[in-house]
Student: 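A single structure is presented below for examination.
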Amino acid sequence: MEQSDNNKPEQKKTDEGTVDRRSFIKAAAATGAALATGAQSLNAQVSGGIAAGVAEEVEIVSDGKHGSDFMMDVMKQMDFEFMTINTHSDSAGLQESVINYMGNVNPELITGLHEEVCVAMGHGYFKIEGKPLAALIYGSVGLQHAAMAVYSAFCDRVPVYILLGNQRNNPNSRSVQDAPAMVRDFTKWDDSPLTLDHFAKSAVRAYSVAMTTPTMPVVLSVDKKLQEMIVPKGEKLRIPKYTPNAPPAGDPNAVRELAKMLVDAEFPVLGVERAARSQAGLEYIVELAELLQAGVVDTIQRMNFPSRHPLLQEPGIFRQADLVLALEMPMLSHTRLKEGAKLASISSFDLFTRSNYWHFGNYQESDFSIAADVEATLPSLIEEVRRQLPRSKRSAVRVRGEKFAEINRQNRERDKAFAANGWNTSPLNTARVAAELWEQIKHKDWSLVSRSDGMSDWAWKLWDFNKYYHHIGQSGSVGVGYSNPASVGAALANRKHGRLCINLQNDGDFMFLPSTLWTAAHHKIPMLTVMHNNRAYNQEIMLISRMAALRDRDVSRCTIGSEINNPAIDFAGMARSMGWYAEGPIEHPSDLPGAIKRAIAAVESGQPALLDTITHPN
Amino acid sequence: MNNKKTPWLIFNLVTLLLLTGIQVVQAQTAEERGKQAIVTYMCYGCHGFTADGGQTDVAPRINVDRLSVEAMMAYTRNPGGRMPPYRTEEQIPDQALRDIYAYLKSLPPSPKWQDIPLLND
C-alpha cells in the first residue's frame, strides 16, 4: 500500500466522498450483521464450549476514508462494547474515528485517568461479560503505567485487547522501536502492523488468539501515520473472516480412563481454580461433584462452586482423599496429599505459557493428566462417570456425601463462632460488616465485583454465592492496585443487567489508583464500595512484626513504612470530590445498617457510593 | 506582690502541676494501659484490637476466660504454631502482658453466634 502519498489531512472530503461513504455504510451494515453472529458465537463459546458462529469477511471500497476509520471497521467486526482510553497524541486518529466515525458507540470510549485503570477495568469487565474490551493507551510511557495490570490479566487468564499508539514512521522523543516488547513476557501475542491490510489480519488474529483457551491479553501497536493516512478512493480493503476456535476438549479415551479413576476412588476430592468460565461451567462442576458425592475445594479464582453447597470443603480435606482431580489448578502438588493418593489433572496450562514471568509455581507431578479446557471437557466426563458408576456403589457414594456434608456443617458453624467474636466492637469487626451488607442485598440481584479474600473472606463465608456473576474471583498476580479499577470494569459489565455491584475495597489497594472513582462517576457506573480501612498495609505489619520478634528486636516500631495513618485518609471526602455519594468514617456497628441502606439507595438511583468503614486489621 | 516570693510561687506551681501529672499517669488503670499495650506491642496486627482474632488461619482469639495470666505470659514468651516468640522484657515487659490480660478480662463477652440474627439466615 502506498502510504506516503496518501497521508493527507481530512479537508479532502467531497460530496462524492459522502456518496461513497453511504455505500460504505451499506457495507458496514453488512459487517454489523455478521458481527451479530460473531457475538452470538462468542457467547456460545463462553457458556458452552462450542463455537457456533462466524463473522464473514467484508470487502470495503474506500471513499477516501482515513486509516483509523478502516481500523474501526475492523474493530466493529469484533463487537467491542467499550474502549478504555487514556488520551494521547499518537492515537488521535483512532480516538477521533471512535468519536465521529463510530458515533462513540460500539465501542464507547471510557475515560481512564491512568493506563493501569484502562487495562484493569478490562480485566474486571471480562470476568462478568465473558468477552474483552479494548484498551487504547500510549505505546511507551502509557504501557509502562499499564504493565502491572497486563501481568495480572495474564496470570488470571483474562484477555484484554490492548492497542498502543506509537510513532514509528516519524519518530518523536517518546517513540519506541518495538512497543509491545515490554509486556511480551506476559502477553499471548502481539504485532505492529505496517499496512492497513496487515492491521486487519492481525487485529482479527489477535482477537482469535486472545479468546482461545487459555485466554490471555494481546497487544497491537498502531502507528500514528497508519491511523492518519487517507486510503485512496476506490481502493478495496478487506476484513478477514473471523471464526471462533472451539476450546480444546479432552481426548475421549483419556476422559474414559479418568472417569474410571473417579468411580473407583473411595474418597475423591475435586480441586477447582480457574475451572468455570460461565454459569454452565459452574453447573457442570456441581453436577460432577453431586454425581460422585465428591468433596470440592475451591480457590475461588473463578466462581466455580456455590459457597453454601454441602460438598464444599477446606483445603485440609486433600489429606484425606485417595484421589484428587485438579481442575485448572496447576499448582496443587502431591505434598498436600496423603501418601499414596493419586493426583489427576485437567488443565489448559501446558497449552501455552511463558518462561520469564512465572505464574505457575513448581512442576505438577500428576499421575494422570489431560491437557484441555475444563468446561469443554466436563460434559463428556460427566457422561462417562454416569455410565460407569455401578448401581452397587450408590449406597457408598451417598454415605460419602453425608460425611462431606457433615464436615461442611461443622466448618460453617466454626466460621460463625469466629464471626461472633468481637461482634460489637469498634473499630468494626469485618465479619459484622459483611453480615450487615448481606442482610440488605440478599434479596436483590447482586454481584461481588472485588476479590472475596478481602475482609478476611467473610463475604465468601457468610453470603450465598450461587451464580457465576456473583463473584469475579481474585486478581491473578496478587498485585496491589488491581481491585479498585477491576471492580469498576466489572460494574460496567453488570450495568446493563441492573445488578447491584459490591466492592469490598482495601485501603492500601485503593490508594494506588484513586482516580478510578472519577471514571465510575463520569460514566455513571453504579456500584457500592465498602472500605476495609485498617489504615495500614496490615499484612506487611504482621510480617515485619514477626520478623522483629524472631530476631529478638523491638516490635513496637514495626508500623514504620507500612501504616497509612497520620494523617488518616478521608476516603469519603475523596469520593465526594469525584462525584460519589459517600459516608464515613464509620466506626460503630450501630451506624452500619443506616449507612448501608442510604448508600444502596444512592446506587439504585444510578450513583456510585462509598462507605468508609474503619475496621479491625483482619 | 513581693518580688522575692515570685520564684517560690512559680516553683510550687510547677511542682504541683508535675505531681498532678504524675498522679494522672498513675491513675491510669491496668485495663487502660492494656488497651494501649495491645497497640504498642503490635498484638493487634494479628489478633485485632480486642484480641478477638480475625481469620481462623491468621491468629486466634486470646480467650482469657480459659487462659490464666501466667499461661498467657508463658505462651507469649515461648509460643507454638505460627506466632513468633516475644522472648525478652525489651520486646514486651511482663507488666504490659499483665495489663493486656486485665484489659481483655474487662471486655464484655461476645455474643454467641446462635444469638445473632444476622448469622442465622
Side-chain angles (χ1 to χ4, degrees), chain A residues 314-316 411-427 429-432 434-439 442 453 455-458 461-464 534 536 538-559 562 593 615-618, chain B residues 35-66 75-79 81-93 96-97 103-104 106-121:
Chain A
E314 295 185 350
N411 290 342
R412 282 182 52 76
E413 289 200 358
R414 181 212 53 207
D415 286 343
K416 288 178 178 180
F418 273 102
N421 288 337
W423 185 253
N424 295 314
T425 55
S426 173
N429 168 342
T430 47
R432 176 92 186 242
E436 296 281 3
L437 270 167
W438 176 241
E439 179 65 14
K442 64 186 178 186
D453 55 357
M455 291 204 185
S456 300
D457 294 316
W458 283 119
K461 289 172 181 169
L462 299 177
W463 299 7
D464 185 9
N534 54 22
N538 189 69
Q539 186 167 298
E540 277 58 42
I541 287 181
M542 291 161 66
L543 291 171
I544 296 155
S545 303
R546 179 181 167 78
M547 185 65 66
L550 288 169
R551 292 173 172 180
D552 292 336
R553 294 191 197 169
D554 187 353
V555 177
S556 67
R557 294 157 51 79
C558 290
T559 57
S562 302
T615 61
H616 273 253
N618 294 312
Chain B
K35 184 177 182 181
Q36 181 58 45
I38 274 193
V39 176
T40 302
Y41 298 104
M42 311 298 295
C43 314
Y44 80 95
C46 301
H47 293 281
F49 293 108
T50 48
D52 288 302
Q55 281 181 284
T56 54
D57 61 349
V58 171
R61 177 186 178 207
I62 303 174
N63 190 341
V64 289
D65 293 334
R66 292 186 184 173
Y75 190 84
T76 307
R77 299 294 183 206
N78 187 22
R82 296 165 64 185
M83 179 166 162
Y86 286 58
R87 280 184 277 258
T88 68
E89 270 278 320
E90 287 71 31
Q91 286 179 301
I92 184 164
L97 287 169
Y103 169 59
L104 298 180
S106 73
L107 295 173
S110 295
K112 290 182 178 171
W113 72 265
Q114 293 89 343
D115 299 330
I116 300 171
L118 291 181
L119 296 178
N120 285 277
D121 80 315

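Chain letters run A, B, ... following the sequence lines, proteins first, then strands; residues in each count from 1.
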Student: Under 3.5 Å, is there a donor on one side chain and an acceptor on the other for A/Thr425 and A/His616?
Tutor: yes
Student: Please classify the contact of A/Asn424 with chain B as side chain, backbone, both or neither, using a heavy-atom distance under 4.5 Å.
Tutor: side chain
Student: Do B/Thr50 and B/Tyr44 have side chains that get closer than 4.5 Å, going by heavy atoms?
Tutor: no
Student: I need the residue from A/Asn421, A/Ile541, A/Asp464 with the largest number of non-hydrogen atom pairs under 4.5 Å to chain B.
Tutor: A/Asn421
Student: Salt-bridge test for A/Glu540 and A/Arg546: reply yes if a basic N is under 4.0 Å from a carboxylate O, no otherwise.
Tutor: no
Student: Is it true that atom NZ of B/Lys35 has more than 12 heavy atoms of other residues, nucleotides or ligands lying nearer than 6.0 Å?
Tutor: no
Student: Picking from A/Val555, A/Asp554, A/Asp552, which has the most non-hydrogen pairs under 4.5 angstrom with chain B?
Tutor: A/Asp552
Student: Of the backbone (N, CA, C, O) and the side chain (C-beta and beyond), which part of A/Arg553 lies under 4.5 Å from a heavy atom of chain B, both, or neither?
Tutor: backbone
Student: Would you say NZ of A/Lys442 has more than 12 non-hydrogen atoms from neighbouring residues, nucleotides or ligands within 6.0 angstrom?
Tutor: yes
Student: Measure distances from A/Ala431 to the heavy atoms of chain B and classify the residue's part below 4.5 Å as side chain, backbone, both or neither.
Tutor: neither
Student: Below 4.5 Å from any heavy atom of chain B, which atoms of A/Thr559 appear? Answer side chain, backbone, both or neither.
Tutor: both
Student: Where on A/Gln539 is there a heavy atom nearer than 4.5 Å to chain B: the side chain, the backbone, both, or neither?
Tutor: neither
Student: Is B/Ile116 in contact with chain A via its backbone, its side chain, both, or neither, using a 4.5 Å heavy-atom distance?
Tutor: side chain
Student: Quick one: pull up CD in B/Gln91 and CZ in A/Arg551 and give me the separation to the nearest 0.5 Å.
Tutor: 12.5 Å
